[in-house]
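Taking it in order: structure first as structure tokens, then the write-up.
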Amino acid sequence: MKKIILSWICAPIFFCVLTVVMTFKPGYAGTPFSQDTKMALVLSGGGAKGLAHIGVIKVLEEAGLDFDIVTGTSMGSIIGGLYAIGYDAQALEKIVKEIDWIDLFDDAPARSDLPFLEKDDSRKFVGGFPIYKNKIVLPSGLIVGQKISTLLTKLTLPYHHVENFAEFPRAFRCLAADIETNEPVVLSQGFLPDAIRASMAIPSVFTPVEIDGRMLIDGGTARNLPVSDALDMGATFVIAVDVSDALLSSDKLNSVLSVMVQTINYQVKTNVEQQLPLCDLVIHPDIDEFTIMDFSRADTLIKSGEIAARKILPQLVALADSLKKYRVMEKAPLPFTNITEINLTGLQIDGLHRVSKQFVQSRLNIKPPCRISMTDLNNAINRLYGSQFFQRLTYQLKPESGGCRLVLHVVEKSTDYINFGFNYSSKHDAGFLLNVTFRNMFGHGSRLCFDNRLGRNSKLDGSYFFPTNLWPGIGIGMNYSIRDYEHDYYQDNTRIARYKLTDFNGDLSIRTIISNTVSFGAKLQRQRNVLRPSIIPQAWCQENINYDYRNYLAYLEFDTFDNSEFPHSGGQLYLEAKRFNTMPAGDNSSFERYIFNYSNARRITSAATVITNYVSGYSHGKSIPREQKFFFGGFHPLQNYMFPFLGLDNMEITARNVLVARMAIQYEVYPLNYLTLTLNGGKFNDNFKRLFRHDKTVLGLGLTYGLDLPFGVVKVSIAVNNLNHDISSDLTIGHGF
């Protein structure tokens with residue numbers, strides 16, 4: 001009986017010991033290493049959860065461990081690739097904490113990098129689709145990843161010339177997948193930023209990356225924990241960090257999105273489970289509460305990785321001590337990225353098909369051989385990307401005699417797009433904008449656009465601009481537009497009539513675009529206005545009123561605003577001198593109109609910005625039709641001679657001569673949430689001399705709360721004036737157009 005009881009007790013103990021012995025591979029837990037031991041660190045994909053890798057690396061370094069081999073997938077390829085070229089945990093943590101993650105995933109170029117003609121279009125479209133072979137196609141991903149590529153290019157600068165990843169301080173490979181076959185693609189050579197960008201190209205989120213003729217996406221569905229690849233590189237001891245998503249329970253599978261995520265997670269979990277038995281040690285940070293997009297919680301994620309690794313710190317220290325008997329654990333040197341200037345010996349552009357090399361060179365404005373600062377080089381790259389002709393571009397600096405050759409890798413964008421926009425104002429109702437843009441038609445760098453705005457104030461525009469490449473940026477433009485809007489008549493602050501005004505315009509212009517910020521030119525214009533009575537007194541003429549003009553005008557524009565809706569810095573200037581010649585000609589057939597409009601934004605604290613605006617308008621002539629005077633009132637501008645004025649109704653004040661000043665204090669309450677207090681005041685008079693007398697100044701005070709959202713702005717405004725103390729309000733959704 002005793003023997004039976006003893007066997008019941010000893011048998012489980014024996015099998016437990018046997019299991020433990022069989023689990024540990026040679027070289028661990030007291031088993032001696034050798035001089036041929038190769039340590040490998042394998043990092044899985046997991047989106048933002050992969051930031052936990054940094055916390056694990058921090059503890060591994062503290063224990064005294066270093067690695068000969070690093071492999072990674074997706075986020076693991078980013079952390080792993082940077083670790084492989086020498087970044088330690090402290091440097092990696094500093095990088096991820098300084099990144100503006102919201103901006104990083106936004107492919108839109110900075111407003112300062114947009115061509116002058118594109119600045120007004122930069123925010124008015126909600127979305128768009130490329131036109132390819134006369135068909136509208138869907139984009140292959142929501143995010144192109146230009147800013148991610150730029151960041152990786154900057155961080156890997158010292159290793160641009162190293163194309164064999166085995167020659168890094170720690171040999172490296174990352175995993176992607178072929179989008180056609182889902183076969184794993186091992187990336188072990190080439191340009192490191194491109195390899196990392198391909199490995200992290202989550203399907204439908206990021207666009208695929210073409211490498212060696214194959215379209216590559218995130219390697220997670222093929223091999224999210226690339227342990228076998230580390231073994232193929234000669235690893236004899238593997239430490240893996242797995243931050244893969246766990247499968248969702250049935251109660252959480254309650255939407256189409258959750259089912260799609262579960263399908264992907266199942267593929268990932270299956271291939272991870274195939275790799276886990278190949279590891280000698282696996283660290284699983286506790287990150288179930290996080291999502292793949294929780295980049296704003298970088299601190300907590302890094303801490304989670306540190307906590308998980310610290311639980312086995314004694315084992316890691318013992319492992320490091322065992323290794324020290326056979327090898328010296330030398331820490332890889334930190335890569336030197338603080339390069340301020342370089343000597344450029346030449347320029348090479350790869351990937352051009354439709355865009356000319358001359359156009360690229362003109363946008364870069366770099367003429368090797370030359371010495372250039374890294375700041376100027378990055379500005380040139382951003383300027384080229386802002387031209388709207390490229391989907392993505394990266395650069396390499398390849399050392400050669402006397403300096404470095406600049407190699408540009410470009411992926412051209414579809415030159416033709418159909419875009420759409422939407423806005424709503426409680427003062428003007430809803431509007432829908434449909435736009436078609438063709439580039440490179442009838443010449444490189446040309447732009448042909450058609451806008452059709454449907455709504456209460458409709459318009460149809462067609463414009464074409466062709467740059468001649470003559471100094472200093474001279475181009476030829478043509479434009480035709482038909483615009484309808486309500487034209488109100490006021491008397492003693494009360495609306496007494498309303499006309500429907502149709503404005504026909506056609507012009508031919510010569511325009512000089514000196515840079516992204518300055519443009520001036522001259523136009524020859526044919527204009528016709530048709531006023532159709534809508535609501536008018538019975539004593540007024542009930543017939544349509546027609547005016548025909550032949551106009552000449554010159555203008556100067558300056559624009560350095562960083563944001564068209566909520567600027568923090570920069571300025572805008574518009575000057576115009578325009579001569580109207582009435583047709584048919586008569587004694588009073590001509591008159592002139594001059595406009596000065598200047599705005600400035602200056603940040604006074606990290607959250608507060610002061611915005612000032614000055615408007616001056618002067619008209620000269622014996623007889624000037626009312627619709628060509630200056631108009632003030634409302635919350636939104638309609639034309640360049642119709643100005644908003646908080647506290648007044650739209651077009652409430654009309655005068656031949658005006659002086660207006662506005663000051664606003666804009667405060668960013670939360671990120672992308674703005675509270676703005678605005679005071680505007682002005683003098684208006686048909687007699688220029690009386691404009692400067694001490695007559696009553698019209699004042700308006702307004703308060704606006706605004707949100708700067710991806711699809712456009714949302715603004716809620718209230719305002720009051722000193723004429724009748726009426727309170728007006730407005731709700732705006734979307735950008736104006």
Side-chain angles (χ1 to χ4, degrees), residues 107-109 113-115 118 130-133 137 139-141 143-154 156-157 159-163 176 178-180 185 187 189-201 206-217 344-368 372 377-400 404-417 437-441 443-447 469:
D107 284 323
D113 294 322
L114 289 171
E118 306 278 354
I131 301 173
Y132 182 69
K133 293 184 177 179
V137 298
S140 56
I143 303 172
V144 174
Q146 171 63 24
K147 292 181 181 178
I148 295 172
S149 295
T150 299
L151 177 63
L152 292 172
T153 299
K154 177 182 177 182
T156 60
L157 192 61
Y159 289 90
H160 281 196
H161 64 290
V162 180
E163 296 190 353
D178 190 312
I179 195 171
E180 293 185 26
V185 178
L187 300 171
Q189 59 184 4
F191 186 43
L192 180 59
D194 283 350
I196 293 174
R197 171 64 183 81
S199 179
M200 58 161 285
F206 292 98
T207 56
V209 176
E210 182 179 354
I211 296 180
D212 296 333
R214 305 178 75 175
M215 297 302 293
L216 304 183
I217 58 173
L344 284 185
T345 55
L347 173 63
Q348 175 183 330
I349 307 170
D350 297 334
L352 290 179
H353 300 288
R354 297 181 298 271
V355 181
S356 69
K357 185 177 180 180
Q358 290 75 18
F359 176 81
V360 174
Q361 290 174 327
S362 67
R363 294 293 298 177
L364 287 174
N365 196 23
I366 298 174
K367 298 178 181 179
I372 186 172
L377 175 59
N378 286 317
N379 288 341
I381 297 297
N382 292 337
R383 191 166 57 244
L384 180 60
Y385 176 67
S387 70
Q388 305 292 291
F389 283 90
F390 300 100
Q391 176 176 296
R392 189 169 69 91
L393 57 91
T394 56
Y395 69 90
Q396 273 180 279
L397 294 174
K398 292 190 174 183
E400 57 185 21
C404 296
R405 177 164 43 97
L406 175 63
V407 181
L408 288 181
H409 305 280
V410 304
V411 178
E412 293 181 348
K413 181 191 282 189
S414 173
T415 55
D416 305 332
Y417 265 79
T437 299
F438 302 96
R439 293 184 174 88
N440 285 340
M441 186 169 286
H444 285 286
S446 65
R447 181 173 179 263
N469 294 324

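Only a predicted model underlies this, so the values are computations on that prediction, with no experimental measurement involved.
- Nearest heavy-atom pair across M441 and S446 is O-OG, 2.6 Å.
- In plain terms, the two heavy atoms of G386 and L114 that are nearest each other are O-CD2, 3.7 Å.
- Note that CD of E163 and CD of Q396 are 6.0 Å apart. Values are rounded to the nearest 0.5 Å.
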Pair E412-F390, side-chain contact (heavy atoms from CB on, under 4.5 Å): steps then yes or no: CA-CA 4 Å; E412 293 181 348; F390 300 100; 4.1 Å; yes
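- Under a 3.5 Å cut-off, the side chain of T153 and the backbone N or O of S149 do form a donor-acceptor pair.
- Here the rule is side chain to side chain donor-acceptor pair (under 3.5 Å) with T345, and of E400, R405, K398 only E400 fits it.
- A distance-only check finds no donor-acceptor pair linking the side chain of K357 to the backbone of Q348 [under 3.5 Å].
- Residues V360 and L352 share a closest heavy-atom pair of CG2-CD2, 4.0 Å.
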Pair V411-E210, side-chain contact (heavy atoms from CB on, under 4.5 Å): steps then yes or no: CA-CA 9 Å; V411 178; E210 182 179 354; over 6 Å; no
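- Annotation: side chain of F191 is in contact with side chain of T394 (closest heavy-atom distance under 4.5 Å).
- For the atom pair CD1 of I381 and CD1 of I366, the computed distance is 6.5 Å after rounding to the nearest 0.5 Å.
- Taken to the nearest 0.5 Å, the CD1 atom of I372 stands 8.5 Å off from the CG atom of L364.
- When all heavy atoms of R197 and T207 are compared, the closest pair comes out as NH2-O, 3.0 Å.
- A donor-acceptor pair shorter than 3.5 Å can be found between the side chains of Q146 and T150.
- Atom CG of D178 sits about 6.5 Å away from atom CG of L216, to the nearest 0.5 Å.
- Heavy atoms from other residues, nucleotides or ligands lying under 6.0 Å from CG of D212 number 12 at most.
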Apply side-chain contact (heavy atoms from CB on, under 4.5 Å) to residues Q388 and R447 and explain how you reach the verdict. CA-CA 11 Å; Q388 305 292 291; R447 181 173 179 263; over 6 Å; no
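- For the atom pair CG (L393) and NZ (K413), the distance works out to 11.0 Å, reported to the nearest 0.5 Å.
- Between P115 and S387, the closest heavy-atom pair is CG-CA, 3.8 Å.
- Using a 3.5 Å distance cut-off with no hydrogens or angles, the side chains of N378 and Y395 do pair a donor with an acceptor.
- Going from atom CG of L406 over to atom CG of L397 covers 6.0 Å, rounded to the nearest 0.5 Å.
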Start with the C-alpha gap between V355 and N440, add the side-chain angles, then the distance that decides, and say whether side-chain contact (heavy atoms from CB on, under 4.5 Å) holds. CA-CA 8 Å; V355 181; N440 285 340; 4.1 Å; yes
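- Here the side chain of S356 pairs a donor or acceptor atom with the backbone of F359 at under 3.5 angstrom.
- For the pair A198 and L187, the tightest heavy-atom approach, listed with the atom from each and the gap, is CB-CD1, 4.2 Å.
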